[in-house]
Amino acid sequence: MRITIFGTGYVGLVAGTCLADLGNDVTCVDIDNQKIQKLKKGSVPLFEPGLPELLTRNVREQRLFFTTDAVSALLEAEVIFIAVGTPSAEDGSVDLQYVDAVAETIGKHLSHYAVIANKSTVPVGTADRVTEIIKRHQKNKVSFSVVSNPEFLREGSAVQDFLHPDRVIVGTSDEKAKSIMEQLYKGITRPTQPLIFTDVKSAEVIKYAGNAMLATRISFMNEFARFCEKVGADIKAVAKGIGLDQRIGPRFLQAGLGYGGSCFPKDIKGILHQGKTEGSPFRILEAVDKVNQEQRIFVCEKLKKQIPHLSGKTIALWGIAFKPKTDDIREAPSLDIIRFLLKEQAQVRVFDPEAMLATKALFPSLHYAQTPYEALEGADALIIITEWNTFRELDKEKMKSLMKQPFILDARNIYEPEEIRKSGFIYVSIGRP
Ligand SMILES: NC(=O)c1ccc[n+]([C@@H]2O[C@H](COP(=O)([O-])OP(=O)(O)OC[C@H]3O[C@@H](n4cnc5c(N)ncnc54)[C@H](O)[C@@H]3O)[C@@H](O)[C@H]2O)c1
């Protein structure tokens, strides 16, 4: 099939590359010329495991193209994906300016029937809004169908997630669009990873409800972690104990520093805002968001308890990315921790395997270490922010010898308290005695 994708970010680029790998002709459009020039040369502008190999192969075999020219990209497209950013506006609502701009471009230049599939995470009702914008700008009065096709991939395993999804959701009531989307996803769907059709609005709600449920589990466990500390229980034992209950399951039960990233925080804010405007407020999600914000403060307070006067002290941070296996620092909890440390006039030394370049642009004055060990030189404390695997098995004796004070604040609970204390560290973690 001939596919055009607007937006070459984490979603658009992965979707485009994977769909090309299934044998489709895919053109990816972006307004960021620098990004497109890089991509044309086969260089991937973001870190996503497995993506560079797949992209290079499909560019070489001439199934995957990149352009800033939206008009030519629309010429023969059978399916047009909208995968542009939908950031939070000041008031927490979803800023739809990029989606609107794509809809306008499609309206102005579409000259044949096509399915327009919205992959961006958008408020309920956006498919209708896109339809209206396209119609308003149409010069050629061709028919088209806007469907909702929310994306569930996770950064860090995006290629695998796109090619092997738990399910694919398509919201449409148009039979022609249905059969085109069925054809499009033929190479991906299986009995165990089905394509599910719903009405458009339910598909839009599914995306928010999914992220809201996952965020709720995280805040739920973080609140229980605080309780465990008060009563002397261990949140890891609690997570294991409840996770084995098949009605609950083990995933998304890790207490820590709370959620971040480009999705959960903005999607929770987005659905909270729409709930309010629709007169159906989400009380539980209000608490989820609040607990998540508090969790960052909770970790800072733990540090202050050990080092009351941070001014002039050296604090090492391991991990900046909002989670392992990505270079994405959007809404990462680390950013709040860094801001707190700078406000307290601490010296900050950081190491992250992938996210240092993006962080340098925000905080040029930090010390950016080449290795996890270098970050520890002269440190009064180490805070583990992101649970990259590299941090799990490092040489504890070497770590201790580099630090001024062997204090670890493990905000992701990656070490075993007894073991690490036996190695001579003062160790504080989340929700464990
Ligand atoms: N990142 C994720 O893990 C993830 C997962 C599921 C869903 N989503 C949703 O998918 C959407 C995209 O997320 P992302 O992380 O890929 O965003 P991103 O910020 O990484 O990429 C968005 C891209 O769209 C481009 N763009 C903006 N306006 C454009 C236009 N008019 N024409 C063409 N390109 C344009 C930008 O230049 C940018 O390259 C968001 O709605 C997000 O909530 C993201």
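Just so you know, these numbers use all the heavy atoms, side chains as well, and skip hydrogens, waters and symmetry mates. First listed ligand is number 1; within each ligand, the first listed atom is number 1. Worth saying up front: this structure is predicted, and the values here are computed from it rather than measured.
Cation-pi geometry between Lys178 and Phe197 is met: under 6.0 angstrom from the ring centre, within 45 degrees of the axis.
Remark: minimum distance from atom 1 (N) of ligand 1 to any protein heavy atom is reached at Glu155 OE2, 2.8 Å. At the shortest separation from atom 43 (O) of ligand 1 among protein heavy atoms lies Lys266 NZ, 2.6 Å. Among all protein heavy atoms, the one lying closest to atom 26 (N) of ligand 1 is Val84 CG1, 3.6 Å. For atom 28 (N) of ligand 1, the closest heavy atom belonging to the protein is Ile31 CD1, 3.4 Å. Ranking the protein heavy atoms by distance from atom 13 (O) of ligand 1 puts Val11 CG2, 4.1 Å first. Closest protein heavy atom to atom 22 (C) of ligand 1: Gly85 N, 3.6 Å. Among protein heavy atoms, the minimum distance from atom 23 (C) of ligand 1 is reached at Asp30 OD2, 3.8 Å. The protein atom (non-hydrogen) at minimum distance from atom 19 (O) of ligand 1 is Arg330 NH1, 3.1 Å.
Checked against a 3.5 angstrom limit, the closest N/O atoms of Asp32 and ligand 1 fall outside it. On a distance-only criterion, Lys207 and ligand 1 share no N/O pair closer than 3.5 Å.
With values rounded to the nearest 0.5 angstrom, Ile320 atom CD1 is found 11.5 Å from Glu354 atom CD.
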